[in-house]
Amino acid sequence: EDAKLALQKLTDIVSELNAEETTTFVSRYSESKSKRLAEYHERVGKKGVTYLSMGNQILDDIFLGYDQTNLMTIAGRAGSKKTWLICYLALLCEKVLLQQDHAADILFITNEMAISQIELRYDAIKYSLPYELLLKGKLSREQTRKYSAALRSPYKSKIVFAENCWTIDEVAAKISI
């Protein structure tokens with residue numbers, strides 16, 4: 001029952017997003033030939049990835065990287081590790097952005113968890129720490145030293161976390177942070 005409710009909520013959000021922001025594109029087929037050819041040669045050089053690598057060759061082989069115009073939705077039952085997957089994908093994407101000195105940021109919106117919970121999961125993945133021990137404050141001395149040093153480093157993240165964005169207007173407000 002919870003899954004049906006969550007799916008209905010997700011469907012409502014996507015429908016609202018579609019209703020709020022609809023752009024119509026028109027392109028005469030014969031006038032875009034040179035653009036399509038250039039895009040093809042770019043795909044050849046990047047093994048099919050046209051916009052941004054996902055940071056993992058297996059994922060790039062499956063999804064052909066991130067596309068500039070697509071929204072990826074990850075759905076599953078409560079407790080099925082969706083947030084862990086999204087944290088991992090965000091980490092991979094951030095590495096690619098930093099390697100390419102890309103100006104873009106990653107907007108990570110959570111409507112089910114507090115940002116502090118997401119940050120701890122992200123830290124566990126990023127710094128290879130056991131989540132349960134991090135959560136309970138029981139890291140080893142070496143793990144604590146590693147974690148402390150990492151958090152004190154001057155590293156500037158590409159990830160912006162936001163809570164409770166349900167409409168395009170709310171997302172737009174968060175983007176202008």
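- Tyr88 approaches Ile125 most closely through the heavy-atom pair N-CD1, 3.9 Å.
- In this structure, Tyr40 places its OH atom where only 12 or fewer heavy-atom neighbours from other residues, nucleotides or ligands lie under 6.0 Å away.
- Between the side chain of Lys82 and the backbone N or O of Gly76, at least one donor-acceptor pair lies under 3.5 Å.
- For the atom pair CE of Met113 and CG of Asn111, the computed distance is 12.0 Å after rounding to the nearest 0.5 Å.
- Although no hydrogens or angles enter the test, the distance criterion places no donor-acceptor pair under 3.5 Å between the side chain of Ser32 and the main chain of Lys35.
- Distance check: Leu92 CG to Lys95 NZ gives 6.5 Å after rounding to the nearest 0.5 Å.
- Remark: the backbone N or O of Ala150 is paired with a side-chain donor or acceptor of Ser153 at under 3.5 angstrom.
- Residues Phe108 and Tyr122 form no side-chain contact, since every pair of their non-hydrogen atoms from C-beta on lies 4.5 Å or further apart.
- Between Ile74 and Ile86 there is a side-chain heavy-atom pair separated by less than 4.5 Å.
- Inter-residue side-chain proximity for Lys138 and Glu132 is flagged as unmet; no heavy-atom pair is nearer than 4.5 Å.
- Residue Leu89 holds its CG atom at 13.5 Å from CH2 of Trp84, rounded to the nearest 0.5 Å.
- Using modelled atom types, no side-chain atom of Glu163 and backbone atom of Thr110 make a donor-acceptor pair closer than 3.5 Å.
- In this structure, the side chain of Gln143 engages the main chain of Ser140 through a donor-acceptor pair within 3.5 Å.
- Heavy atoms only, all atoms of each residue included: Ile106 and Glu94 are closest at CD1-N, 3.5 Å.
- Minimum interatomic distance between Ile159 and Ala90 (heavy atoms only, all atoms of both residues): CD1-CB, 3.9 Å.
- Other residues, nucleotides and ligands contribute over 12 non-hydrogen atoms within 6.0 Å of the CZ atom of Arg36.
- With rounding to the nearest 0.5 angstrom, the CG atom of Asp123 is 6.5 Å from the CG atom of Leu134.
- Here the side chain of Gln117 pairs a donor or acceptor atom with the backbone of Ala114 at under 3.5 angstrom.
- No salt bridge links Lys146 with Glu142; every basic N to acidic carboxylate O contact stays at or beyond 4.0 Å.
- A distance of 10.0 Å separates CG of Leu151 from CD of Glu119, quoted to the nearest 0.5 Å.
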